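So that the names make sense, note that chain A is the first sequence line, chain B the second, and so on, each numbered from 1. Since the structure is predicted, the reported quantities are computational estimates derived from the model, not experimental observations.
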Amino acid sequence: MTVRLRVAPSPTGDPHVGTAYMSLFNLAFVRREGGAFVLRIEDTDRARLNEGSEQQIYDTLHWLGLDWDEGPDIGGPFAPYRQSERLETYRPVVEALLESGRAYHCWCSPARLTEMREAQQKAKQPTGYDRLCVGKTREERAALPGFSEQPVVRMLIPDDAPLSFADLIRGEVNAPRPDDQVLMKTDGFPTYHLANVVDDHEMGITHVVRGEEWIASTPKHILLYDWMGWERPQFAHMPLLRNTDKSKISKRKNPAARLTWFVEQGFLPEALRNFLALMGYSLPDGQEVFSFEEMVASFDWSRVNPVGPVFDVDKLRWLSGHYIRELPVEELASRLVAFMGIDGAAADVVTRATPLVQERVSTLLEAAGMVGFLLDDRFAMDPEAAAKQLGHDARPVLEAARGALHDLTSFDTAAIEAALRAALVDGLGLKPKHAFGPIRVAVTGSTVSPPLFESIELLGRDRTLVRLESALN
RNA sequence: GGUCCCGUCGUCUAGCGGCCUAGGACACCGCCCUCUCAAGGCGGCGGCGCGGGUUCAAAUCCCGUCGGGACUACCA
C-alpha cells in the first residue's frame, strides 16, 4: 500500500515554524517510502481566518524546499483541499452519528458553559460538559436555563472509549478520557476534530504525523474512525519545539516562531531545513550537517527523540554560515543581490564584493550589512566607530593615506596595500593595526569590514578620496 | 486542580546492561594566524534531576519522588 501523509495548517496569521517542522518529517517519511504528501488548508475557524496567510504558507514552505504533491494550489485526486470548500463532506457524517446515537444536539449557551467550567475549576473538579442536553428534545431543553437557539453537535463519549494507541515515536501511549467534544459548531462549520478525521479518511491518509499537543485528543479521533467503520491511520506525535523557557514555541515569546522571520533575517533555507531536522532527530553516524536526501536515506521514526527541543538560534546561525561558505560564490552573490533588492551597477559591485564577505557572515542580512558601504545610498558612518577612530590623532594618518592614494598609477589591491603600508607603517612608524583602523572607519563607516585594501579597490579612487576628505572635516 | 507526555553538558544530541574515568556539535573561555571582523587550527570549561531497588555490572531495566511541558474551547 502506498503511503499518504499530510500537513494541515490553519491560515490564521504568519505561518508557524511548527508547520515547517511537521512538513519536514512528513516529507522525509513520504520520500523514503515513495508515497504522496498532501497540503490541506484547515480554515474552519472563520473568526481567526487571516487574509494572505494561505499564500504565505505556500511561499515559505516552497522557500524551504518542502514541496507537496497535492494541495489547494495545485489540485489533486481528492480536491478540494481547503476545508471551507468541503462542508458537504462533513454533514452526512454528522447525520449518521446523530442517527446512531453516537452524537447529540446541545443547546447550551456559551455563557452557561463558561459558568459551568468556572464552577468546576473553583471546586477543583475536572472540567467537562455536564451532559445537560443528553436525551432531551429541543422543547424539553428550552424550558431550562442557558438555552440558545442554534444547537451544536457533540460526541457522546462512551465509558469504554479506547484511551491508548500505538505511536510510531513513543510506542504505546495513554491519553486522557475525552470530554463530549463538539463536532459541529453553530455556524455550520465542523471543528478540527471532525473535519480532520473525515478528510484524513477521505483523502486516504495512512499516517498522521503531528505535534505532541494532539495526544490528548487522539482518543476522540480514534472513536470517530471506529464509529464510522473506517480504518485507523498510524499516528506519530512529534515533540514540540520550545522557547528558551521550555514552553511551546510561540510568536509572542519568540520571533523564530514565525517562518517569515527567517526569510527576513536572511538565513539560508537549506540551513533552516537542516537545523529543523536536528531538532529531535539525528543521523545514525552522528553527522550534523546533512542534506534532506541524506535524512531521507536513513529516516526512521525510532530515531525521533520525544523530548521537546529548545530552538537555539545560535546553532542555526552557525549552520547558516556554514552553508554560506559552501555555496559557489556566484550563487551566493546572486542570492545576496536578490535579498538586497538591487540591480545594475549596485548589483555588480555587490557581486564583486561577495568573495570578501563569504567567510565573514552567517546570514544574507549580515552580508548585506557588510557590503552596504559600497553603495553610496547605504553608506553610513557609525558614530561610535568615528568617536573611537577618527579623533585628532587620526588626522595625520588620514592625510597620509589621502596623499598615498591620490597619485597611485594603478588602483588595485596590491598597489593600494603597498602605498598605504609605505605611507603609514614605514612613513609614520605606526603599527599596522593603528595605521589601518582610522582608514577603515573613514572608508567603510565601521570598525568591522571586509579586508581593507580590497574594499578600497572596489570603492574606487574617487569615492575613497571623498570619504577620507569628509573624515578630515 | 485533573489527565497525559517527557527528563544525558547552558543548548541540540550519541548512548538502547559491560566498549562510558559518558562521545560529538553550537555557545563560551584561552592560544595560534591576522589590516578589523570572521573563517581555520589547537586546547579548555561543562552533563546522566534525586532516592530506592534488580544485576557480577545501570546513563541504560523497575518503583517512587522531584522537575518541566502539553491538554483540559462552538482554536487549531
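- Checking A:Asp43 against A:Ser84 by side-chain atom types alone, a donor-acceptor pair falls below 3.5 Å.
- The side chain of A:Ser10 sits closest to B:A76 out of B:A14, B:A76, B:U11.
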**Request:** May I have the step-by-step check of side-chain contact (heavy atoms from CB on, under 4.5 Å) for A:Tyr129 and A:Cys106, ending in yes or no?
**Result:** CA-CA 10 Å; A:Tyr129 181 56; A:Cys106 171; 3.3 Å; yes

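- One P atom belongs to B:A22, the other to B:A59, and the distance between them is 11 Å to the nearest Å.
- Here the separation of B:G52 from B:U13, taken at their P atoms, is 30 Å to the nearest Å.
- Closest contact between the side chain of A:Ile215 and the listed nucleotides B:C4, B:A39, B:C6 involves B:C4.
- Here, B:C42 and B:C5 have their C1' atoms 43 Å apart, quoted to the whole Å.
- Only the C1' atoms considered, B:A73 is 41 Å distant from B:U60, to the nearest whole Å.
- When distances run from any side-chain atom of A:Glu213 to the nucleotides B:C74, B:C6, B:C71, the shortest one goes to B:C71.
- A:Lys124 comes within 4.0 angstrom of the backbone, heavy atoms only, and of no base.
- Taking 4.0 Å as the cut-off between side-chain N and carboxylate O, A:Arg395 and A:Glu399 count as a salt-bridged pair.
- Comparing B:A38, B:A73, B:G40 by their closest approach to the side chain of A:Arg360 singles out B:A38.
- Applying the Watson-Crick and G-U wobble criteria (two distances, each under 3.5 Å), B:G1 pairs with B:U72.
- Proximity of A:Arg177 to the phosphate of B:C4: no side-chain N or O atom is located under 4.0 Å from OP1 or OP2.
- The side chain of A:Arg170 places no N or O atom within less than 4.0 Å of a non-bridging phosphate oxygen (OP1 or OP2) of B:C5.
- Checking the phosphate oxygens (OP1, OP2) of B:C35, a side-chain nitrogen or oxygen of A:Arg421 falls inside 4.0 Å.
- Comparing the P positions of B:C20 and B:G24 gives an interatomic distance of 11 Å, to the nearest angstrom.
- Note on A:Ser217: nothing from the nucleic acid sits closer than 4.0 angstrom, heavy atoms only.
- Looking at heavy-atom distances under 4.0 Å, A:Thr186 makes contact with a base.
- Nucleotide B:U11: paired with B:A25 (Watson-Crick or G-U wobble, both distances less than 3.5 Å).
- At the phosphate of B:C75, OP1 or OP2 sits under 4.0 Å from a side-chain N or O atom of A:Lys185.
- In this model, the phosphate group of B:A14 is approached by a side-chain N or O of A:Ser282 to a distance below 4.0 Å at OP1 or OP2.
- Of the listed nucleotides (B:C12, B:A76, B:C35), B:C12 has the atom at the smallest distance from the side chain of A:Pro309.
- One N or O donor and one acceptor, one from the side chain of A:Lys315 and one from the base of B:A25, sit under 3.5 Å apart.
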**Message:** The test is side-chain contact (heavy atoms from CB on, under 4.5 Å); show your working for A:Val17 and A:Trp261 and say whether it passes.
**Reply:** CA-CA 10 Å; A:Val17 67; A:Trp261 182 78; over 6 Å; no

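- Residue A:Lys388 contributes atom NZ, which lies 15 Å from atom C1' of B:C35 at whole-angstrom precision.
- Ranking B:C74, B:A70, B:C6 by closeness to the A:Ser148 side chain, first place goes to B:C74.
- As judged by a 4.0 angstrom heavy-atom cut-off over every strand, A:Arg46 is placed among residues making no nucleic acid contact.
- RNA chain B lies under 4.0 Å from at least one heavy atom of each of the following residues of residues 445-456 of chain A: A:Thr447, A:Val448, A:Ser449, A:Pro450, A:Pro451, A:Leu452, A:Phe453, A:Glu454.
- Residue A:Arg317 is classed as having no contact, given no heavy-atom separation below 4.0 Å to the nucleic acid.
- Across all strands shown, A:Val152 has heavy atoms under 4.0 Å from base atoms, whether or not it also approaches the sugar-phosphate.
- Residue contacts for A:Gly280: at a heavy-atom cut-off of 4.0 Å it reaches the sugar-phosphate backbone alone, with no base atom in range.
- Nucleic acid contact for A:Asn305: sugar-phosphate only, since backbone atoms but no base atoms lie under 4.0 Å from a heavy atom of the residue.
- Taking 4.0 Å as the cut-off between side-chain N and carboxylate O, A:Arg112 and A:Glu118 do not count as a salt-bridged pair.
- Two rings, from A:Phe189 and A:Tyr90, have their centers 6.0 Å or more apart.
- For the ring-ring contact (aromatic ring centres under 6.0 Å, His included) with A:Phe275, the lone residue among A:Trp318, A:Phe311, A:Tyr323 that qualifies is A:Phe311.
- Summarising the geometry, the separation between NZ on A:Lys431 and C1' on B:U36 is reported as 16 Å, rounded to the nearest angstrom.
- At the heavy-atom level, A:Thr44 lies under 4.0 Å from the strands shown only through sugar-phosphate atoms.
- At B:U72, none of the side-chain N or O atoms of A:Arg117 fall inside 4.0 Å of OP1 or OP2 (strictly under the cut-off).
- In the set B:A76, B:C4, B:U36, the nucleotide with an atom closest to the side chain of A:Pro176 is B:C4.
- Phosphate contact (OP1/OP2 of B:U11, side-chain N/O of A:Lys246, threshold under 4.0 Å): present.
- For the pair A:Arg6 and A:Phe37, the NZ or CZ position fails the cation-pi test of under 6.0 Å to the six-membered ring centre and within 45 degrees of the ring normal.
- Atom C1' of nucleotide B:A27 and atom CD of A:Glu288 are separated by 13 Å, given to the nearest angstrom.
- Cation-pi geometry between A:Arg232 and A:Phe165 is not met at under 6.0 angstrom from the ring centre and within 45 degrees of the axis.
- Ranked by how close their nearest RNA chain B nucleotide is to the 5' end, A:Gln83 and A:Gln125 are led by A:Gln125.
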**Request:** Go through the steps to decide whether A:Leu365 and A:Phe339 satisfy the test side-chain contact (heavy atoms from CB on, under 4.5 Å), and finish with yes or no.
**Result:** CA-CA 8 Å; A:Leu365 184 62; A:Phe339 180 80; 4.0 Å; yes

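- In the set B:C5, B:A25, B:C75, the nucleotide with an atom closest to the side chain of A:Glu212 is B:C5.
- Between A:Arg303 and B:G15 there is a side-chain N or O to OP1 or OP2 distance below 4.0 Å.
- Across all strands shown, A:Met279 has heavy atoms under 4.0 Å from sugar-phosphate atoms exclusively, and none from any base.
- The listed nucleotides are B:A76, B:C4, B:C74; the one nearest the side chain of A:Asn174 is B:C4.
- Rounded to whole Å, the separation between the P atoms of B:G7 and B:C62 comes to 12 Å.
- A:Arg242 has its CZ atom 16 Å from the C1' atom of B:U13, to the nearest Å.
- The residue among A:Leu240 and A:His322 whose nearest nucleotide of RNA chain B is located toward the 5' end is A:His322.
- A:Glu42 comes within 4.0 angstrom of sugar-phosphate atoms only, judged by non-hydrogen atoms across all strands, and of no base.
- Here the closest non-hydrogen pair linking A:Val289 and A:Gln287 is O-NE2, 2.8 Å.
- Straight-line distance between the P atoms of B:A27 and B:U11: roughly 16 Å, to the nearest whole Å.
- Remark: A:Glu366 does not engage A:Arg360 in a salt bridge, criterion side-chain N to carboxylate O under 4.0 Å.
- Among the protein residues, A:Pro432 comes within range of the sugar-phosphate backbone only, with heavy atoms under 4.0 Å from sugar or phosphate atoms but none that close to a base.
- For A:Glu359, counting side-chain heavy atoms from C-beta on, the closest listed nucleotide (B:C74, B:A76, B:A39) is B:A39.
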